[in-house]
Amino acid sequence: CRLYLAPMAPTESDDMSDASSLPLTLAASTTATAATTATAATPVAPAAPAPTGPSARIIAVTSGKGGVGKTFISANLAAALTRRGQRVLVLDADLGLANLDVILNLHPKITLHDVFTGKAKLKDAIVAAPGGFSVLLAGSGMVEYSRLTPEVRNEFLNIIQLLTPLYDVILLDTGAGISDVVLFSISLASEVLIVATPEPTSLTDAYAAIKVLTVQQKRQHVRMVVNQAVRPGDGRAITGQLQQVLDRFVATESGRPMRLIHMGDIPADPAVRDAIMRRQLLLLHTPGCPAALAISQLANKIEESLLVRAP
């Protein structure tokens with residue numbers, strides 16, 4: 001089924017029971033979606049299991065649509081987790097169109113491409129970022145990473161295996177969408193944080209991405225953060241809308257609906273644009289602004305729900 005967003009209209013009896021209380025109506029058509037096409041065309045490895053030993057928790061930060069603030073959230077979330085004493089690495093998994101270096105105002109001499117091709121060692125490609133965390137940056141404009149080749153797959157797996165014993169948290173800042181490279185990157189993570197904005201196009205693409213993750217990677221749940229929320233509570237309402245559609249049209253391997261976990265909202269805040277234009281972390285540039293406080297709350301929620309380890 002295909003998700004689309006339409007203005008509120010009177011609903012028939014078979015519509016979602018409380019759709020009349022929502023600002024948008026989420027509906028499905030019988031036309032096959034790009035998500036279904038991707039599912040049939042590109043087999044992807046199942047999601048990685050949760051770590052069983054002293055290794056990093058890997059969280060994929062992804063989105064259905066580009067331009068929703070995914071990389072911005074990845075970088076500032078890393079800074080917030082570092083403040084809590086976590087050893088954090090952000091890996092720029094958008095291999096062909098990386099821009100984490102732009103957000104952080106870094107000018108790397110060695111990138112993930114150099115490690116993949118054997119021109120540099122992994123330890124030399126890891127650099128310190130403002131905020132106290134580590135980053136492993138990718139290149140930009142690399143057309144060879146537009147498709148997942150066996151070589152890229154093997155190199156990526158090897159790098160993840162080498163990194164996990166060194167950190168508490170690894171954030172995979174993936175590309176947007178459902179390409180095979182993006183889906184493979186996500187498959188390496190035990191948890192997925194999908195970023196969306198309130199715009200209909202973003203929500204439609206978020207639904208498509210969640211559907212693919214359910215079918216291909218057998219995910220039972222996905223975590224969601226809504227960026228650029230206009231009013232308090234908007235993100236929770238939007239997450240509830242998507243959950244209702246998932247309940248009706250997307251079932252997990254166990255037969256239960258995919259569970260969408262709301263992790264928080266990042267409010268629309270003029271300080272965000274200013275920090276991006278200055279190529280600074282928001283948590284360093286304006287730590288007391290509403291968006292920075294929301295990211296700190298997101299980090300706290302992630303630490304409490306995902307990073308608590310047995311003594």
Side-chain angles (χ1 to χ4, degrees), residues 48 51 54-63 69-83 86-146 148-149 151-176 179 181-193 195 279-281 283-284 299 302 306-307:
S55 59
R57 171 74 78 171
I58 304 176
I59 304 172
V61 184
T62 191
S63 64
K70 170 178 49 61
T71 299
F72 166 81
I73 289 176
S74 295
N76 282 278
L77 177 59
L81 289 169
T82 300
R83 287 182 178 181
Q86 302 288 341
R87 297 171 301 161
V88 183
L89 172 88
V90 183
L91 191 157
D92 197 336
D94 193 352
L95 300 180
L97 292 170
N99 57 19
L100 182 62
D101 58 326
V102 177
I103 292 285
L104 296 171
N105 197 24
L106 294 174
H107 307 278
K109 295 180 180 179
I110 300 173
T111 68
L112 200 55
H113 171 72
D114 299 307
V115 179
F116 279 179
T117 56
K119 296 178 181 178
K121 295 181 179 180
L122 176 61
K123 65 180 180 65
D124 296 326
I126 299 172
V127 297
F133 56 94
S134 300
V135 293
L136 181 53
L137 300 169
S140 186
M142 303 275 186
V143 78
E144 59 264 44
Y145 297 122
S146 61
L148 183 66
T149 64
E151 293 77 17
V152 171
R153 178 192 292 265
N154 292 337
E155 289 295 334
F156 215 147
L157 281 170
N158 182 53
I159 284 173
I160 291 294
Q161 290 170 357
L162 293 173
L163 290 173
T164 50
L166 306 178
Y167 298 93
D168 300 314
V169 186
I170 295 176
L171 299 177
L172 301 180
D173 180 32
T174 79
S179 72
V181 176
V182 171
L183 292 174
F184 178 72
S185 300
I186 297 173
S187 76
L188 300 174
S190 58
E191 294 289 338
V192 178
L193 180 67
V195 180
R279 299 173 70 174
Q280 296 178 359
L281 286 171
L283 267 67
L284 299 181
I302 286 175
L306 298 179
L307 305 181

Report all side-chain donor-acceptor pairs from residues 121-135 shorter than 3.5 Å, counting only partners two or more places apart or in another chain.
none

Spell out, as yes or no, whether a donor-acceptor pair under 3.5 Å connects the side chain of Arg57 to the backbone of Val169. no

Contacts of type side chain to side chain contact (heavy atoms under 4.5 Å, CB included), residue Asn76, not counting sequence neighbours: Phe72, Leu281, Leu282, Leu283, Ile295

Would you compute the distance between atom CD1 of Ile302 and atom CG of Leu81 and round it to the nearest 0.5 angstrom? 6.0 Å

Taken to the nearest 0.5 Å, the spacing of Leu183 CG from Leu188 CG works out to 11.0 Å

What one should report as the nearest heavy-atom pair of Ser63 and Lys70 is OG-CE, 3.5 Å

Would Thr71 and Asp94 count as a side chain to side chain contact (heavy atoms under 4.5 Å, CB included) here? Give the steps. CA-CA 10 Å; Thr71 299; Asp94 193 352; over 6 Å; no

Using atom types as modelled and distance alone, determine if a side-chain donor or acceptor of Arg87 lies under 3.5 Å from a backbone N or O of Leu166. yes

State the CD1-CG distance between Ile58 and Leu306, to the nearest 0.5 angstrom. 13.0 Å

Are Thr111 and Lys109 side-chain neighbours, meaning at least one heavy-atom pair lies under 4.5 Å? no

Can you find a heavy atom in the side chain of Phe184 that is under 4.5 Å from one in the side chain of Val152? no

How long is the gap from CG on Leu104 to CG on Asn99, to the nearest 0.5 Å? 10.0 Å

Side chains of Leu172 and Ile186: does their closest heavy-atom pair fall under 4.5 Å? no

Would you please test Leu171 and Leu193 for side chain to side chain contact (heavy atoms under 4.5 Å, CB included) and show each step? CA-CA 10 Å; Leu171 299 177; Leu193 180 67; over 6 Å; no

Within-4.5 Å side-chain heavy-atom neighbours: Leu77 and Val88: no

Tightest non-hydrogen contact, residues Ala60 and Ala189, listed as N-CB, 3.5 Å

Rounded to the nearest 0.5 angstrom, the OG1-CD distance for Thr117 and Glu155 is 8.5 Å

Looking only at side chains, do Thr62 and Thr174 share a donor and an acceptor under 3.5 Å apart? yes

His107/Asp101 under side chain to side chain contact (heavy atoms under 4.5 Å, CB included): CA gap, chis, key distance, verdict: CA-CA 7 Å; His107 307 278; Asp101 58 326; over 6 Å; no

Is the shortest heavy-atom distance from the side chain of Leu112 to the side chain of Asp92 under 4.5 Å? no

Results of ring pair (Phe, Tyr, Trp, His ring centres under 6.0 Å) for Phe116 - residues two or more places apart only: Tyr145

Keeping Asp173 on the side-chain end and Ser74 on the backbone end, is there a donor-acceptor pair under 3.5 Å? no

As an exercise, state the distance from NE2 of His113 to CG of Leu95, rounded to the nearest 0.5 Å. 11.0 Å

